[in-house]
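The structure appears right after this line, and notes come after that.
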Protein chains: 2
Amino acid sequence: MGQKNNNKYRKIIAAATKVFAKNGFYKAKVSEIAKEAGIADGTIYIYFKHKDDILIALFEEKMKEVLDNMKKQISLESDPLKKIERFALLHLKLIEDNKDMAEIIQVELRQSSKFMKDYHNIKFAQYLDLIGDIIQEGKEKGLIRKDIIPGIGKRAFFGALDEMSRFWVLSKRRKYNIETAARQISSYFINGIKR
Amino acid sequence: MGQKNNNKYRKIIAAATKVFAKNGFYKAKVSEIAKEAGIADGTIYIYFKHKDDILIALFEEKMKEVLDNMKKQISLESDPLKKIERFALLHLKLIEDNKDMAEIIQVELRQSSKFMKDYHNIKFAQYLDLIGDIIQEGKEKGLIRKDIIPGIGKRAFFGALDEMSRFWVLSKRRKYNIETAARQISSYFINGIKR
DNA sequence: TTCTAACACGAATAATCATTCATTTTTTTA
DNA sequence: TAAAAAAATGAATGATTATTCGTGTTAGAA
């Protein structure tokens, strides 16, 4: 019961992803998730204690996937400045390919610290740290200015990408293509911080 | 009835700002707003049709204020690159000085297009456009690279600032001071886009 | 001062949903 | 195959709260 590799557990997560994305966490009905998953309402409570838990589990699952993928891709590149460019492209691609997930992370992640007082999204912090580490590495290799503060740099860069995806997630039509946006944003940042 | 300059109307907005900031829109009880405003529950419905309307009105009010203020401050500077720096500082100062408002804009603004299907936050778009216009001006004056796309640039810069404020709003202790963050972020951006 | 209409009140309403649990179905064990 | 355990069901519960509305209050007009 409640195994993560359980078939129904996965089904619920998948259904919740769809349903939360449609109208947000609060408007999502547990019964709708159940229906989408093709199971009874009560069954959800065999796998999750509360509605909140579904959202938390969903974050953990998706973020783990994203994080692993990004780590792997980044490690294929040795030049820190190139890593930054690749990060941007991959991040935006990810959004493109997982619209439902992106929508939830965009909208609900923001609230997480509000409606789940104690839940700290460690995975998200680790994601940010990927950027921080690249900046640190770049400084050590003399490619990035010494006065750049990684803790600020990582947030600025992530924020830039994130605002772009927010725009995409919330608007119907895609105005700029992924590659253009990734290239622009990483060029601002790379030119801005390099020695 | 329902005048915007009405005493009670303002009281409700002020109270709602506090209450929404505490636990988010959905967890906020109308009765709590009433209590905070020192009026009866029903009185709120003399001034607002629905709970949603309070949030919308709140956005409009605050954004108008912010927008006017920012416009004025920006116009005092003539150099576009300096304008960008000033924008950053002012934006972060604003967050600092209006924590409740910042918290709502950070968290609830994100949801607006979800729970209020038809509400489009024009004021926010105008705020973004302030940055877009500065970039455009900079290009025309030959200070900013011709290949910079204002529509991407404005979002990247805003996003960078916004992620920084999110960090502040959601965490207890302020790790970096306003001026440092503003200087860092605007320097990344200015160096990144200048000719 | 008396009347009236706008304003305000707050208890009662009514609808919404997360969650429970008695029952049934399926799977595992012996 | 029979008994026991686990999983699943979904109707019923119970708690929550936005909103209403019958009644009271106030401030200005006449």
Tell me whether the OP1 or OP2 atom of [N] has a side-chain N or O from [X] closer than 4.0 Å.
X     : N      : result
A:K29 : C:dT16 : no
A:S31 : C:dC17 : no
A:K8  : D:dA8  : yes
B:Y47 : C:dA8  : yes

Starting at atom [atom1] of [X], determine the distance to atom [atom2] of [N], rounded to an integer number of angstrom.
X     : N      : atom1 : atom2 : result
A:K51 : D:dT16 : NZ    : P     : 16 Å
A:I12 : D:dT9  : CD1   : C1'   : 13 Å
B:F25 : D:dT17 : CZ    : C1'   : 13 Å
B:D41 : C:dC7  : CG    : P     : 19 Å
A:K11 : D:dA8  : NZ    : C1'   : 12 Å
B:K35 : D:dT17 : NZ    : C1'   : 15 Å
B:K27 : C:dA18 : NZ    : P     : 14 Å
A:H50 : C:dC17 : NE2   : C1'   : 16 Å

request  = Using side chain to side chain contact (heavy atoms under 4.5 Å, CB included) as the criterion, point out the one residue from B:I56, B:D53, B:I33 that pairs with B:F48.
outcome  = B:D53

inquiry  = Pick the closest DNA chain C nucleotide for A:Y45 and for B:G42 by heavy atoms, then say which residue is nearer the 5' end.
reply    = B:G42

query = Looking at B:F25, does the NZ or CZ of B:K51 lie under 6.0 angstrom from its six-membered ring centre and within 45 degrees of the ring axis?
reply =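 Satisfied, under 6.0 Å and within 45°.
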
message = Name the residue from B:Y188, B:F189, B:F157 that meets the ring pair (Phe, Tyr, Trp, His ring centres under 6.0 Å) definition with A:Y188.
response =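 So, applying the ring pair (Phe, Tyr, Trp, His ring centres under 6.0 Å) to A:Y188 and each of B:Y188, B:F189, B:F157, only B:F189 qualifies.
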
key: B:L76 side, atom CG; B:K82 side, atom NZ - distance, nearest 0.5 Å   =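 It comes to 14.0 Å.
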
key: Salt bridge flag under 4.0 Å for residues B:K141 and B:E137   =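 Salt bridge: yes.
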
query = What is the nucleic acid contact for A:I39, judged by heavy atoms within less than 4.0 Å: base, sugar-phosphate only, or nothing?
reply =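 Sugar-phosphate contact only.
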
